[in-house]
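First the proteins, then the strands, lettered A, B, ... as listed; each starts at 1.
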Amino acid sequence: MIEKDIYSSLTAPQLAAVQHVDGPLLMLAGPGSGKTRAVTHRIAHLIAQGIPPQQILALTFTNKAADEMRARLQLLAPHRPVWMGTFHRFCARLLRRYASLAGLQENYSIYDTDDSGKTLKRTLAEAEVDLTWTRPERIANAISWAKNELITPDRYQPKAGDPLGKVVSEVYPAYQQALLASNAVDFDDLLLHVAVMLRENPELRSTLDERYRYIMVDEYQDTNFAQYAIVRALSIDYPNLAVTGDPDQSIYGWRGASLRNILDFEKDFDNVAVVRLEQNYRSTKAILRVAHELISHNTQRKEKDLFTDNPEGEPVALVEYPTHRDEAAQIAHQIAHDITHKGLRPRDVAVFYRVNALSRTVEQAMVEAGVPFQIVNGHAFYQRKEIKDVLAYLQLLNNPQDDGALLRVINTPPRGIGKTTLNHLAEHARRHGLTRLEAARECGLIESIKARSRTAIKKFVELIDRLISQAAEPVEAILGHVLTESGYQDALKGSPLEEDQERLANIEELLTAAREFDAQHEGGLEAYLEQASLVADTDAFETEVDKVTLMTLHAAKGLEFAHVYLIALEEGLLPHERSRDSPSGMEEERRLLFVGITRAQERLQISYAMNRNFRGTQWPTVPSSFLMELPRGELKRTESARPRYNEFSQEPEYAEEAWVEESIDYAEEHVDEYVQEDPEEQAEREKKPSQDRPKINLNSFLMTGADLLEQQKKRAENALRFKPGMLVEHAEHGLGVIVALSGGDRNRVATIEFEDEDKQRKFRLSHTDLTLAPKK
DNA sequence: ATTCGCAAAGTTTTT
DNA sequence: CTTTGCGAAT
């Protein structure tokens, strides 16, 4: 009976994948090709073949993907204990069991980026590293990169003449030492420790290889070297490794993911079975053609033949808006319209953007248009101060060695244990090889600490000891003790600030989550902390709720929506500034757009604004070069619509149907407001024959990116000439005196007091034309 | 020791 | 614009 469910309604290629049992398998699965389906059905097939579920391991990239897989398998093969989860979670679990092999204890803490950043900064301060030429973030990046490449601290070799590398080679071992001393790991360590453990303990390796005989890896194109090493090590005696992925959807190169892993899979294993899932069940023909045309511009790829039996559908829309506000407002309006007049469900709509910062305007527009929406945003919840504070208490109770956690909570809420006291504690701890909590225990011995601080420390240690004695209770109860006995809750309750009341509400939410955890898990504190450290808010994305979804392109991977809006297709944003100078970076940006396009089932709108607010000021934009790569004939192009402002309202109003045709020339009429071009340059440019100009004819009257950079550079150079006290002239405000200067480079700001005005004004020099006025 | 205020700085994507 | 960090005042 179940058998039939597994195999019916599968296509030939899907069936081939599902029925593959032994030996390596490579599933190249295009977007919307029923990949998850094939994977879950294959697991069901394995079980049906008599393979014990405990021997099956399914590794995913996000918890969300794992949950979905679990839910689907539940329907096919109920109550079978197949382990499914993220790489990090799998490794955390292994590391619990074999902690001593990595120099840890099983109650180790997992540091998030924030925690490990602080640990690194402490290490840097202790080692008195000169930070003139680099920033801690860059060092953290370099260490993270090394860990992903499985370069342990003792093996790190900087390139000759690489100043950052030199610093890293000093700091990396010290940082790792600090983590171990706190019995803690960072995200990268979870992978690193396990990979090294497998490399150095052949017996353990073969035990686990045997234990996990059938391994599946989802999104294999996004694995990094450490992840590769782990699955490779577990697939030697039993090379039944099935990987699924799509090289065209590899979007985590910046995080060390290597396309090599999937591209070389066939060379890496013998007798690889390859299955291609190329039929798309998600999108219309029109959408798929646009996606295909775009991705064909990548050189580093395996050609793939995407096709679909779905209807042709409406053409993909490309819309230009005057400003980011218009973009957001009109999209929100359009969605509201579709909901009220066409019966569209909010949950079937999504808005995607390249960076989280872009969500704000859309958010506001949605509120104004009365459209229900949810924002899927990184790890916003668990990143909040109050949440981190409270969790740090739990972390300290679970792992008293955890210096990071101790430093976070020892004076939160304020107990009169300040910087100097902490320095004394640290000093004592270092001299005697103690953790900070141990040092605090014997603060009576530290003469440099004043009596008053000593009492405060003693009280704190008593608090922690009391809480530790209650640490075996359910998580909700422990949280309750922490909140009341630490005084954290009272401190917030007594506060008149609205912000603090919000914090209380967040803590309330945390309590609810803890209660749910208690109900579902036997686990206790340690397990709770583990899951709290390894969740992203992306996982909390609710498909059940009837709301429009706002998220980044990265978060969108693996999802699908009937209507999709892709916004801010502008140079510098998509492709992103930081990727523009490397060809591989550009290809990854292109893939990111490909992922976005292929999320859409029925309708897709791509848009850009001609002006966008960025760091406070409005800048003219340059449409994304990717737009030139889309098939022109396929697109329904719409020029900017001009909002009408009525006399009673500040809010723009849009005509229901007419806005499409309306005001095509709005931008051209207002071109002077947006384009601030150096007159000389303008003359220069206009001398050239028009063919020589860059062919961005979507709006050729705008400056090109190169022009813009050139202008900014000139102004930046010019800015160096200004000194406080100088008399300058501004086109609008007349003569004035420079009162102050601040910031550097592009952010250099001059504060000027004008003769005819009372108040002072601030100008960003890269954005303003100021001339020196002759001294009288 | 704590609090407050200002200035500078920074902004990709996530486990 | 927002957040973070540092320094000065209480």
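- Ionic pairing of A/Lys388 and A/Asp112 is present here: one or more N-O contacts between side-chain nitrogen and carboxylate oxygen are shorter than 4.0 angstrom.
- To the nearest angstrom, P of B/dT15 lies 16 Å from CG of A/Asp115.
- Residue contacts shown for A/Asn613 are absent, as no nucleic acid heavy atom lies under 4.0 Å away.
- Checked against B/dA1, B/dT14, B/dT15, the side chain of A/Thr86 finds its nearest nucleotide in B/dT15.
- Ion pair A/Asp115/A/Lys118 not flagged as a salt bridge, since none of the NZ, NE, NH1 or NH2 atoms sits closer than 4.0 Å to an Asp/Glu carboxylate oxygen.
- Within 4.0 Å of A/Lys121, counting heavy atoms only, lie sugar-phosphate atoms of the nucleic acid but no base atom.
- Here A/Phe87 lies out of heavy-atom contact (under 4.0 Å) with every strand.
- When rounded to the nearest whole Å, the span between CG of A/Leu190 and C1' of B/dT14 equals 14 Å.
- Judged purely by distance below 3.5 Å, without hydrogens or angles, the side chains of A/Asn63 and A/Arg89 pair a donor atom with an acceptor atom.
- Nearest nucleotide to the A/Val355 side chain, out of B/dT14, B/dT13, C/dT2: B/dT13.
- Taking atom CG of A/Asp114 as the reference point, atom P of B/dT15 lies 16 Å away to the nearest angstrom.
- Both geometric conditions, a ring-centre gap below 5.5 Å and a plane tilt below 30°, are fulfilled for A/Trp254 over the base of B/dT13.
- Counted by atom type alone, A/Asn423 and A/Thr420 present zero donor-acceptor pairs between their side chains at under 3.5 Å.
- Considering only side-chain atoms of A/Phe187, the nucleotide from B/dT14, B/dA1, B/dT15 that sits closest is B/dT15.
- In the set C/dT2, B/dT14, B/dT2, the nucleotide with an atom closest to the side chain of A/Arg360 is C/dT2.
- Residue-level contact check: A/Arg415 touches the backbone only, with heavy atoms under 4.0 Å from sugar-phosphate atoms and none from bases.
- Taking CG of A/Asn261 as the start and CZ of A/Phe225 as the end, the distance is 8.5 Å to the nearest 0.5 Å.
- Atom CZ of A/Phe460 and atom P of B/dA1 are 16 Å apart (whole Å).
- Nucleic acid contact class of A/Arg135 (heavy atoms, under 4.0 Å, all strands): sugar-phosphate only.
- Note on A/Ser533: nothing from the nucleic acid sits closer than 4.0 angstrom, heavy atoms only.
- Rounded to whole Å, the distance from CD1 on A/Ile230 to P on B/dT15 is 17 Å.
- Remark: the A/Glu68 side chain and the A/Thr36 side chain contain no N/O donor-acceptor pair separated by less than 3.5 Å.
- Between A/Asn148 and the phosphate of B/dT15, there is no side-chain N or O to OP1/OP2 separation shorter than 4.0 Å.
- Within residues 88-96 of chain A, the residues approached by DNA chain B to less than 4.0 Å at the level of any non-hydrogen atom are A/His88, in residue-number order.
- Of all heavy-atom pairs between A/Leu191 and A/Ala226, the closest is CB-CB, 4.0 Å.
- When the C1' atom of B/dT15 is taken as reference, atom CG of A/Asn63 falls 8 Å away, rounded to whole Å.
- Remark: P of B/dG10 and CZ of A/Arg138 are 11 Å apart, rounded to the nearest angstrom.
- Between A/Ser579 and B/dT13 there is no side-chain polar atom (N or O) within less than 4.0 angstrom of OP1 or OP2.
- If you measure from atom OH of A/Tyr353 to atom P of B/dT13, you get 10 Å, rounded to the nearest angstrom.
- The aromatic rings of A/Tyr252 and A/Phe61 sit tilted relative to each other, their planes meeting at an angle between 30° and 60°.
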Only pairs under 3.5 Å count here: list side-chain donor-acceptor contacts from residues 90-97 of chain A, not counting sequence neighbours, and write none if there are none.
| from | atom 1 | to | atom 2 | distance (Å) |
| --- | --- | --- | --- | --- |
| A/Arg93 | NH2 | A/Tyr212 | OH | 3.0 |
| A/Arg96 | NE | A/Glu530 | OE1 | 3.2 |
| A/Arg96 | NH1 | A/Glu106 | O | 2.8 |
| A/Arg96 | NH1 | A/Tyr108 | O | 3.1 |
| A/Arg96 | NH2 | A/Glu530 | OE1 | 3.3 |

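- Positionally, the nearest nucleotide of DNA chain B for A/Gly416 lies more toward the 5' end than for the other of A/Gly416 and A/Glu137.
- With B/dT13, B/dT2, B/dT15 as the candidates, the nucleotide lying closest to the side chain of A/Pro414 is B/dT2.
- An OP1 or OP2 oxygen of B/dA1 is reached within less than 4.0 angstrom by a side-chain nitrogen or oxygen of A/Thr421.
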